[in-house]
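For reference, the structure discussed in these notes is given below.
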Amino acid sequence: MGKNMGTLQQITLYIALCGFISPSSAFSWNNCTIRTPLKDIQPKVLCYKMGFFKIPLIPRNTRILDVSFNAFAQIQIGDFNQLSNLQELNISSNKISQIQEGALDNLSNLSHLNLASNRLQGISRGMLHGLTNLLVLRLDYNYIQDIEESAFSTLQNLKVLNLTKNHLYYIEKIKPVLASLFLEELYIGSNHFDAFYSYEMSTKPLALKRLDFSNNPLATFQLTDNVFPTLSHLDLSYCGQNGTMTWNITDKTFFTSVKTLYFMDVHMSGQNAANVIQSFKNFLNKIRLNANVQLNKTNLLLNACSSVLQVVRLSANKIKHLTDHMFDPCSNLTELDLGDNEISQLSPSMFRGFTQLKRLRLQINKLTRITNSFQMLFTLEFIDLSRNCINMLTCDDFANLTQVKTLYLYSNKISIINSCLFKDLKSLEVLNLGTNNLLRIGDAFSNGPHSLLDLQLHFNKLSKIEKYTFRNVSQLNILSLQDNQISIIEDHAFEGLNNLTSLLLSSNKISAKTLTKHYNVFSGMPNLKNLDLYVNGISFTDDQLKYPPFKDLKQLRVLALHSQRRGIGKIPSNLLQGLSSLEMFYAGNTNLAHLSPDTFQSSPQLWFLDLSKNALSEDHSIPTELFHPISKLTTLILSRTQLRSLNFLLNANLSRLSTLKARGNEIDSINKTLIQSLPRLEVLDLEKNTFTCDCTNAFFIDWAKNSNSTQVVYLNKYMCSYPSSLRGMSLSSFNTESCTLNIDFICFLCSTIVVIFTLLSSFIWHFLRFQVVYAYYLFLAFLYDSKKKQNGSTFQYDAFISYNNKDEPWVMEELIPKLEGEQGWRLCLHHRDFEPGRPIIDNIIDGIYSSRKTICLITRNYLKSNWCSSEVQVASFRLFDEQKDVLILVFLEDIPTHQLSLYHRMRKLVKKRTYLRWPKPGEDTKVFWQKLKMALETKEGHKSDHMMKL
Ligand SMILES: *[C@@H]1O[C@H](CO)[C@@H](O)[C@H](O)[C@H]1NC(C)=O
Ligand SMILES: *[C@@H]1O[C@H](CO)[C@@H](O)[C@H](O)[C@H]1NC(C)=O
Ligand SMILES: *[C@@H]1O[C@H](CO)[C@@H](O)[C@H](O)[C@H]1NC(C)=O
Ligand SMILES: *[C@@H]1O[C@H](CO)[C@@H](O)[C@H](O)[C@H]1NC(C)=O
Ligand SMILES: *[C@@H]1O[C@H](CO)[C@@H](O)[C@H](O)[C@H]1NC(C)=O
């Protein structure tokens, strides 16, 4: 009966749909995601790591395409026919060994092409021919040995070419590249050049600004013409062979434009290296000498430093000691990088020569003290002392440093900070004290620094934030206190932080009590925009709070409460009171089982809501009313929340929702009404759900494939879970055509039906007599029922018990004594109360209709038996017909949902409503009987009024 109605509904539904879907204008994407809003006329399409062998079907107007990490072996004519708007193309990390001449001709708008990490052996004449607007070309990590003569002749806009890591042996091979007259950056590092003769490249001036020769076994470097008049950046790192290099620059003025020299870990003798550096002296601004471990630094600096040299990088040189006069020739430096060495001691005299030093890097060394070494560096603005072993700071360590804006002291062993430390740091804006051993802050900041904007105190051992701690650092924008042990926040702890925008308190030991004990925990921060409280121990039991903790944070935009260690329990309905500017709320992974409809009553600006990884499986865990105050919601994340349906969104009025993520749930179908209630949806992610592959999802499947306003992310990975015969099949490959009927077919159907009906009825009578009789009885039940309705109903019994004979012992020993004996209900049992001699089906109908409720005791045996399922049918017919909740399902055994799927009707019932479960042996049965009693007590009102919550 119900089934026929369903089919009829489907037929009408699909007739209505016929005019709606027009597949012609739409496109489908298989493994790609679109990053820009779909309405964007020039989308960015990401298809990396997808196993593609050729360019997939993507929107024609695509501007940026990433197909890296796939399995392309070649590019052929026609591959990019549709994509003439492409501006950026990344095909790196494929297996391309061949690009057909002309295959890229279509891409005249392309400005960036990345072909790195492929298997190209050469660049032929016509391969790049059409790329007339190309600016940047990456060909690094290929097997290129050869570049044909005019391969670059049409690339007149090329500015950057990367040929790093190829198989080039002779500088002559580079020559064709210079047909791109405006080439500015050329990277030819990590090839096999062992000699550079400038005349092999060119004798005329080139436009190059940056040239990377690094990692070549260069043994000869000869420059005989002024070919690099504009070169400003030269990289000679890791060059040289066996300690020697023939360095022959015929005119000293050839390198006058070079401002930056990378000279890291060269394979040269000290004398040779000094020689090379000498050619740049008096022009160079910046030199990097990393990992020149063997070379005499004092000597190198002597040859490099001049009045124009400003930056020296000496990181990673295993330097142990700095000698007193080492930097004497370099008094004009503005930046000195000594990071990543083995320096354990500083002395005030070694830096005394500097008069303009602004940035000093000493990170990753072995310093334990600072010993007043910076006292003369009046011009210093930036000091990095991170990742040392500093365990004590004295009042004079930063004396005289009135210009310092940034001080990094993180990853040391500092346990005490004294306020005198900051006495001269009048300009300090950023102070990073993270990852130290601070146990308390005390009055460290009681006298400023008043200019401080960013204070990092994360990863320490603070347990308490005392009253007025930050009152004198009132310029602070960011205060990071995450990863401490904070459990106590005193009243007015953050008072005075009038400019604070970000307060980071995640990963501490903050509890609900910390937040709600006083009235003023978060007072004094009127401009706070971002508050992180995730990974703490905040857990609520009350529905309402006496002191809502955030009430003063009128400007707060982002509140993160996710991942509370023991779960948040519930969100009190007034928790967010006062947060009238709240835009983003994170409440994932907090063991949340239910949300009060009033939760967002005071935060009408909310557009982002993350509730993922909670247990929201119950029917009203997320009430529709929750969404009524937040009509600006655009992003809703419900991934892994055990949801069985999204129907609570139907009347939520989410007319602006554009992103809905609900992956990893138990959703089996998406209906048309739901889709229509989300008119602005752009991104829908439903991967890893338990879809039913039948006509109930036909609309969704067609829509998902064809919609050109919504992107259903990774649709091709959605799998069928039901029916079991289709399990594992891809949802998108379910053939929906069989669900669609057209008008001609219906006319044809009408005429055929008459014929078939005649044939069928005789056939049915012949072979299916039993079922017909059964249907007849259902019809009787219907009549009986209408008669009852007219008479007004009085019930002979409280409950009809439907069970299998094999479960009789449980009924006799547990159920009857409890329900009839203790609780005093009148039960109808077939072995006792059925009238002998009457047809069984009459007895069943009578039994069910003269009882207020029907209790089904579900076991595997029950599901198998014929009569039991008729009982369920009659009862569920009554349920459907009277709109009354008469059915109580009691599971005596654990039956996994997938086993239920064989019993279609039962699965539907179980999915729709909650049910009782007989406790496992050893568990307490009190709660079970109490719930059963409550279920029996409920009067038959409207269905949803008394749906049990278990
Ligand atoms: C999509 O990606 C999967 C692997 O991630 C691959 O097996 C499948 O063939 C791809 N689909 C298409 C259409 O290329
Ligand atoms: C050039 O290629 C090398 C090697 O792949 C890479 O590390 C470098 O970042 C590239 N540089 C540019 C500017 O593309
Ligand atoms: C460098 O030394 C290696 C082996 O020690 C030798 O084979 C090679 O020819 C030498 N190269 C030069 C330029 O001397
Ligand atoms: C440097 O190169 C020029 C031109 O090839 C040559 O005449 C001169 O002898 C070379 N000098 C040295 C020291 O090799
Ligand atoms: C390094 O060079 C300087 C100056 O040329 C010299 O005084 C010093 O002794 C050298 N150091 C070593 C270890 O050779």
Side-chain angles (χ1 to χ4, degrees), residues 68-69 88-94 111-120 134-144 158-168 171 177 183-191 195-201 203 208-216 218-227 233-235 237-238 244-252 254-255 260 262 264 269-279 281 289 292-305 314 317-330:
S68 55
F69 295 95
E88 291 179 26
L89 174 60
N90 183 353
I91 337 181
S92 60
S93 302
N94 278 280
S111 66
H112 289 69
L113 174 59
N114 188 347
L115 278 163
S117 299
N118 278 292
R119 296 178 181 173
L120 293 170
L134 202 63
L135 292 174
V136 178
L137 175 59
R138 286 191 60 171
L139 289 165
D140 42 304
Y141 274 97
N142 276 284
Y143 307 140
I144 298 170
L158 195 65
K159 293 236 162 8
V160 180
L161 173 62
N162 198 339
L163 280 165
T164 306
K165 268 267 176 200
N166 276 289
H167 293 181
L168 294 163
I171 287 295
V177 161
L183 193 65
E184 289 179 358
E185 298 185 20
L186 177 60
Y187 300 87
I188 49 174
S190 301
N191 278 284
F196 174 77
Y197 297 102
S198 61
Y199 58 82
E200 286 183 344
M201 204 169 179
T203 50
L208 286 179
K209 292 187 172 150
R210 189 169 178 143
L211 181 58
D212 177 0
F213 264 119
S214 61
N215 271 304
N216 280 296
L218 274 188
T220 307
F221 192 99
Q222 179 169 305
L223 191 59
T224 43
D225 294 287
N226 193 9
V227 291
H233 189 126
L234 179 62
D235 191 344
S237 307
Y238 313 101
T244 59
M245 179 168 185
T246 314
W247 184 259
N248 184 356
I249 313 293
T250 56
D251 185 337
K252 275 219 146 194
F254 286 165
F255 275 138
T260 304
Y262 282 10
M264 301 182 273
S269 67
Q271 192 45 50
N272 224 236
N275 219 1
V276 173
I277 289 178
Q278 186 73 38
S279 351
K281 189 166 180 171
L289 297 166
N292 283 311
V293 176
Q294 309 295 331
L295 300 184
N296 181 336
K297 304 306 165 317
T298 314
N299 211 7
L300 287 183
L301 290 175
L302 206 58
N303 283 290
C305 286
L314 279 171
N317 279 291
K318 299 208 163 97
I319 299 173
K320 284 197 174 68
H321 306 287
L322 296 175
T323 53
D324 261 8
H325 299 285
M326 186 169 173
F327 299 109
D328 285 357
C330 313

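Because the structure is a prediction, the values reported are computed rather than measured. Whatever order the structure lists them in is the order used to number ligands and atoms, beginning at 1.
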Does [Y] offer a backbone N or O that forms a donor-acceptor pair with the side chain of [X] under 3.5 Å?
X	Y	answer
Asn166	Leu168	no
Thr220	Met245	no
Lys297	Asn292	yes
Asn118	Ala116	yes
Asn162	Thr164	yes
Asn142	Arg119	yes

Would you say Gln222 has any N or O atom under 3.5 Å from an N or O of ligand 4, going by distance alone? yes
Taking only non-hydrogen atoms of Asn248 and a 4.0 Å limit, the atoms of ligand 4 in range are 1 (C), 2 (O), 3 (C), 8 (C), 10 (C), 11 (N), 12 (C), 14 (O)
If you count the atoms of ligand 4 from 1 in the order shown, which ones are under 4.0 Å from a heavy atom of Thr224?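 The list of qualifying atoms is 4 (C).
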Heavy atom under 4.0 Å from ligand 2: found in Glu185's side chain, backbone, both, or neither? neither
Can you confirm whether something in the protein, heavy atoms only, sits under 4.0 Å from [atom]?
atom	value
atom 9 (O) of ligand 5	no
atom 14 (O) of ligand 4	yes
atom 5 (O) of ligand 4	yes

Can you name the atoms of ligand 5, numbered from 1 with element, that are less than 4.0 Å from a heavy atom of Asn296? 1 (C), 2 (O), 3 (C), 8 (C), 10 (C), 11 (N), 12 (C), 14 (O)
What part of Thr246 sits under 4.0 Å from ligand 4 if we count only heavy atoms: the side chain, the backbone, both or neither? neither
Closest protein heavy atom (residue, atom, distance) for atom 12 (C) of ligand 2: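 Looking at atom 12 (C) of ligand 2, the protein heavy atom closest to it is Asn162 ND2, 3.1 Å.
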Less than 3.5 Å between some nitrogen or oxygen of Asp140 and one of ligand 2, yes or no?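 For ligand 2, there is an N or O atom that lies under 3.5 Å from one belonging to Asp140.
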Counting from 1, what ligand 2 atoms have a heavy atom of Tyr187 closer than 4.0 Å? 13 (C)
With a 4.5 Å cut-off on side-chain heavy atoms, are Val276 and Phe221 touching? no
Taking the side chain as every heavy atom from C-beta outward, state whether Phe327 and Leu322 have any atom pair closer than 4.5 Å.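 In contact.
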So is Arg138 in contact with ligand 2, going by heavy-atom distances below 4.0 Å? yes
Using the rule given for side-chain contact (heavy atoms from CB on, under 4.5 Å), can you reason through Phe196 versus Asn216, listing the C-alpha separation, both sets of side-chain angles and the distance that settles it, and then say yes or no? CA-CA 10 Å; Phe196 174 77; Asn216 280 296; over 6 Å; no
